[in-house]
Student: 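Structure in structure tokens, see below.
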Amino acid sequence: MTWAFVIQTTVSALAILGLVALAGWARIAAPRPPLDAAAARAVLAEEFPDSRIGAVWIAADGRAAVARAGEEALIVWLRGDDYVARQAPWSALATAQVSAGTARLAFHDVAAPAARLAVGALAPWPPALEALTLEAGA
Amino acid sequence: MKISLDPVTLATPFFILAVILEIVLARLGRARARYEARDTATSLFMGLGRNVTAIATGGIVAASTLWVYQHRLFTVPVTAIWAWVLIFFLEDLTYYWFHRLSHERRVWWAAHVNHHSSQHYNLSTALRQTWTGGVAGTWALWLPLALLGFSPAMIATQQGISLVYQFWIHTETIGKLPAPIEAVFNTPSHHRVHHARNPRYLDRNYAGILIIWDRLFGTFEPERAEEPCRYGVVKNLGDFNLLRVAFHEWIAIGQDLTRARSPREALAYVFGPPGWSPDGSRETSDQLRAAWRARTGGRAGYFGGASSFQTSGAPPPPSAIQARPEAASNR
């Protein structure tokens, strides 16, 4: 490794920081308003096309949603300006660690170890979708 | 002063200027591009990191290529035009198979998946390069060119030209090009399909410069206006951690190997298609595509999820009901 390489790498890193700052300044990320029920259902339907989406739980900040399909929980959450989706046993939701208004739901998945979902009075954790799902006929 | 003739090094200022131009034009509403700062940072630092990690295996790659060249069957003159025409086609054909293997066999997908891990498709995505390509050993696919008598410098130059060519096609700003160009060359439209995770588009359009190889080997899929590309991988990453982007699939392979119940299962976990599992609990691209076809009959629509209600005769889904606080006490 030569000094030239070190200098080149350092200058490249600075250039990257400049480009990232420009990207942030431009504000051209996809607009993602907080999820409402219809938007949450649309995202969940896209990510889980084989599942009938009934009732949904929406995180307190509108950045995540959970639906129930039988004994499976269907979870989507915002990463940057797009959604990540994972499936987990419904019973796992009760094991999520809740603190400071956030439920940390762990997955056995190195690509997405956990989802952090904002909880609150209007979005209590764990979601209670059983009756609603049955009511919806899912 | 030593002047580099590496096409990638020479093109780097152009890369930077092109990214700036795409961002500014998108900001001004003159181009279609989405940039999210953390996603952009991830892409660009993956590109920078690749330069560092390549040092670890660059010597082995160069030495291996040189050794094979020393045992070459013919000697191809570097100054002959026909030699450059020939290596253009042969290198591009090699790239096609490298790229196809990188998608269809998990051990090589582990090295390539990071390039597809962005849910964006812009010029910065082009720079989201692998850190583990050298370890994966796919560079060996280019050794036959050295055996045929192409010098290592010629091979490296043509590889660089291919890499530079593939930069500009990572954009949503450019729509479809004139038909003769779309018929022969890999274009932004063709490569958008390649980066899409819609079942129809999975594992399609592996081309480097020429799309003719996909047409020839049955992996071509045109971009359809009625089915917009959704970018990323089937199971997108949960965060922007660079180490996760670079190594998650390698770690997943390791975890699967600890669960393998036989050598055959272990081999399938490593060399089977991504998504393979002994109990069928995961889905390969072919299985995802088959499920999508069964759901939609192959009609357009992202994942077929929304359209399946419209085409199957099933009643529409019930209205969404937000969880109520009182319902929480039922658990």
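Per chain, numbering begins at 1; letters A, B, ... match sequence-line order.
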Student: Counting only heavy atoms closer than 4.5 Å, note whether B:S117 contacts chain A via side chain, backbone, both or neither.
Tutor: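 It is the backbone, since no side chain atom gets that close.
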Student: At a heavy-atom separation under 4.5 Å, does A:A13 approach chain B through its side chain, its backbone, both, or neither?
Tutor: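 Contact with chain B involves both backbone and side-chain atoms of A:A13.
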Student: Given a strict heavy-atom distance threshold of 4.5 Å, which part of B:F247 is in contact with chain A: side chain, backbone, both, or neither?
Tutor: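 Neither part.
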Student: Which heavy atom in B:V19 sits nearest to a heavy atom in B:S124, and how many Å separate them?
Tutor: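 Taking B:V19 first and B:S124 second, the nearest heavy atoms are CG2-N, 4.3 Å.
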Student: What part of A:F107 lies closer than 4.5 angstrom to a heavy atom of chain B: side chain, backbone, both or neither?
Tutor: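 A:F107 has no heavy atom closer than 4.5 Å to chain B.
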Student: For the interface with chain A, which of B:L48, B:V233, B:D39, B:N122 has the highest count of heavy-atom pairs at distances below 4.5 Å?
Tutor: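 Sorted descending by pairs with chain A, the first entry is B:L48.
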Student: Given side chain to side chain donor-acceptor pair (under 3.5 Å), test A:S91 with A:E71 step by step and report yes or no.
Tutor: CA-CA 8 Å; A:S91 57; A:E71 290 309 306; over 6 Å; no
Student: Would you please say whether a donor-acceptor pair under 3.5 Å links the side chains of B:Y35 and B:E22?
Tutor: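 Yes, side-chain donor-acceptor contact under 3.5 Å.
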Student: In terms of heavy-atom pairs under 4.5 Å with chain B, which of A:V84, A:L44, A:D109, A:V66 leads?
Tutor: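 Looking at each option in turn, the highest pair count goes to A:V84.
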Student: Output the option from A:A23, A:A114, A:A67 having the highest count of non-hydrogen pairs under 4.5 Å with chain B.
Tutor: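 The answer is A:A23.
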Student: Tell me, for A:A85 versus chain B, whether the close heavy atoms (under 4.5 Å) come from the side chain, the backbone, both or neither.
Tutor: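 The answer is neither part of A:A85.
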Student: Looking at A:A15, A:A115, A:A40, A:P113, which makes the most heavy-atom pairs under 4.5 Å with chain B?
Tutor: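 Most pairs with chain B among the choices: A:P113.
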Student: Using atom types as modelled and distance alone, determine if a side-chain donor or acceptor of B:S277 lies under 3.5 Å from a backbone N or O of B:R282.
Tutor: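 Looks like yes, one N/O pair under 3.5 Å.
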Student: So which of A:G24, A:A30, A:S12 has the largest heavy-atom pair count under 4.5 angstrom toward chain B?
Tutor: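 Most heavy-atom pairs within the cutoff with chain B belong to A:A30.
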Student: Does the Lys NZ or Arg CZ of A:R79 fall within the cation-pi geometry relative to B:F240 - under 6.0 Å from the ring centre and within 45° of the axis?
Tutor: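 Yes, A:R79 lies over the aromatic ring of B:F240.
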Student: B:T40, B:I251, B:L28, B:N236: which one forms the most heavy-atom pairs within less than 4.5 Å of chain A?
Tutor: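 Of the options given, most contacts go to B:N236.
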Student: Can a donor-acceptor pair be found, under 3.5 Å and without considering hydrogens, that links the side chain of B:R106 to the backbone of B:V270?
Tutor: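 Answer holds: no.
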Student: So which atom in A:A112 and which in A:R86 form the shortest heavy-atom distance, rounded to 0.1 Å?
Tutor: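 Taking A:A112 first and A:R86 second, the nearest heavy atoms are CB-NH2, 3.4 Å.
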Student: Nearest 0.5 Å, what's the CZ-OG distance between B:R197 and B:S285?
Tutor: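 With rounding to 0.5 Å, CZ (B:R197) is 13.0 Å from OG (B:S285).
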